[in-house]
Number of protein chains: 2
Amino acid sequence: MQNYNVLVVDDEKEILEAIEIYLKSEGVTVLKAKDGIEALEIVHENEIHLILLDIMMPRLDGIAATYKIREKKNIPIIMLSAKSEDTDKILGLQVGADDYITKPFNPMELVARVKSQLRRYVTFGTFNGGKKVIDLNGLVIDQDAKQVTVHGEIVKLTPIEYKIVELLMTNAGRVFSIDEIYERVWNEPNYNAENTVAVHIRKIREKIEIDPKNPRYLKVVWGIGYKMEK
Amino acid sequence: MQNYNVLVVDDEKEILEAIEIYLKSEGVTVLKAKDGIEALEIVHENEIHLILLDIMMPRLDGIAATYKIREKKNIPIIMLSAKSEDTDKILGLQVGADDYITKPFNPMELVARVKSQLRRYVTFGTFNGGKKVIDLNGLVIDQDAKQVTVHGEIVKLTPIEYKIVELLMTNAGRVFSIDEIYERVWNEPNYNAENTVAVHIRKIREKIEIDPKNPRYLKVVWGIGYKMEK
DNA sequence: AAAATTCTTAAGAATTTCTTAAGATGTGAT
DNA sequence: ATCACATCTTAAGAAATTCTTAAGAATTTT
């Protein structure tokens, strides 16, 4: 990850410094700005490969800054926001952000997402989004279209159902415990040990399986969890 | 959750001990420190996989300790703090922590969050090189799929059976006493010295051996224990 | 306000785990 | 070599756990 210049924009000094520490440990060069105006200046004066952009900032906020930046340059942008408000998320991505992280964030996750964006930058040059389609014996997921089909038939999944299917299909063959599924779909641990996941599994089977009682795709591994057949 | 070292840092002895009890029941190894300075020493002298860090501590507080630790190592950190503490301060420092728990906390929640972070650590930590497949003369274990095959044939193991096989296969050649097997699979000592392990061994042999009476893979070492042939 | 989605609860079905006890086998002492 | 003893193997059924399913309540979206 050397030879990359990442611009971090946030009005909170602690956050700026914390992010700097994580990214420097990965070998990237870190530039800092405390608001959108400053960020624009730095973007015009330097070769920036990626921008980490806080949404809430004085003077010029993250969304406005994104517009301004994208008018001139096509640099990958990862949005940061204090709350996990889905409205922010949608707005941020619509506006042209490539990824989105909510505060408080996991430093390792931040690093992983930054690396992921930088890799993409290298391979594609511009943001493009490769076709992400997986076909498992007739069960097909299109991650761009967020659509699942069984032998060509469109399966109408709810958002949670889709997320579970996506998790299992992108890791086909791997077994996920109920706790793991909950955590990765809901983004928080499930310490009440409710039956929620099991019910969703049932609903998904109803939609993707010919015979939900003898599932062909979504298999249980007794005492361990569920997996999607490879 | 075996083979993990968790460092708990708190100046209150009762809390330290309570947390130790909860975590040990999950099979993790617990190390303790009563302030940030002590914590730093332990971090540098041991392989720590996760840190539970109180914010309010004498000498070196949690925030400062986080910075110091993160300068050198990228270990997941879960912050502990009383609800009454300054929210602004908390918000600022959340950036450096991977998760955050307020006191008084629900033990189950604490355990769930610790497990969650450790899982994440594993996935991020072992990243790519982690093809977890072992082949011992045709007996193959896939630790992602939680699946065992003998010469391509899938062996349907129960969770306990799987765990025993996993233990023996990942330590092929090493002999484990019955007590050792019990402890590592059940996460607790076997007080009553029942016949449980032996029965499971029998069941496993029935499934993985051609002739269970003359086992090729799962061998007994008289008076000592069992091992998987390398 | 209606519709869709998500969550909770609980009962029963399926599967696994444990206990018991009797038989088989290996070991060391004589 | 044989015996006594400890260790291991095996079978069967009872107990416990885990999964499936349905129905309706709570919440969110349209």
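Below, all heavy atoms of this structure are taken into account, side chains as well, without hydrogens, waters or symmetry copies.
Here the CG atom belonging to D142(B) is positioned 10.5 Å from the CD atom belonging to E166(B), to the nearest 0.5 angstrom. One distance of note links CG of D99(B) with CZ of R113(B); it measures 4.5 Å at 0.5 Å rounding.
A perpendicular orientation is assigned to the rings of Y22(B) and F105(B), their planes being inclined by more than 60° (bins at 30° and 60°). Note: W186(A) and H200(A) have tilted aromatic rings, judged against thresholds of 30 and 60 degrees for the angle between ring planes.
Following rounding to the nearest Å, K203(A) (NZ) and dC7(C) (C1') show an atom-to-atom distance of 11 Å. Between the CH2 atom of W186(A) and the P atom of dC7(C) there is a distance of 5 Å, given to the nearest Å. The distance between atom CD1 of I224(A) and atom P of dC19(D), rounded to the nearest whole Å, is 9 Å. Nucleotide dC19(D) holds its P atom 11 Å from the CG atom of D179(A), rounded to whole Å. Rounding to whole angstrom units, NZ of residue K146(B) and P of dT16(C) are separated by 17 Å. The interatomic distance linking K227(A) (NZ) with dC19(D) (P) rounds to 14 Å, in whole Å. At whole-Å resolution of the value, CD1 in I204(B) and P in dC18(C) are 12 Å apart. Between L157(A) atom CG and dT6(C) atom C1' there is a gap of 14 Å when expressed in whole angstrom units.
Between the base of dT18(D) and the side chain of N195(A) there is no donor-acceptor pair shorter than 3.5 Å.
Among the atoms of the strands shown, only primed sugar atoms or phosphate atoms (P, OP1, OP2) are found under 4.0 Å from some heavy atom of K213(B).
Each of Y182(B) and V197(A) was matched to the nucleotide of DNA chain C holding its nearest heavy atom; the match closer to the 5' end belongs to V197(A).
A donor-acceptor pair is defined here as one N or O able to donate and one able to accept, closer than 3.5 Å; no such pair exists between the side chain of E229(B) and the backbone of R216(B).
Minimum atom distance to the side chain of V220(B) is reached by dC8(D), of the listed dC8(D), dT20(D), dT16(C). In the set dT17(D), dG26(C), dT9(D), the nucleotide with an atom closest to the side chain of W222(B) is dG26(C). The side chain of E194(A) has dT8(C) as its nearest neighbour among dT8(C), dC8(D), dT21(D). Nearest to the side chain of V199(B), among dT25(C), dC7(C), dT19(C), sits dT19(C).
Phosphate contact (OP1/OP2 of dT17(C), side-chain N/O of T158(B), threshold under 4.0 Å): present. OP1 or OP2 of dC18(C) sits under 4.0 Å from a side-chain N or O of H200(B). Close to dT19(C), at under 4.0 Å from its OP1 or OP2, lies a side-chain N or O of T196(B). Listed pair R202(A) / dT21(D) meets the phosphate criterion, a side-chain N or O lying under 4.0 Å from OP1 or OP2. Of the side-chain N and O atoms in Y162(B), none sit less than 4.0 angstrom from OP1 or OP2 of dT17(C).
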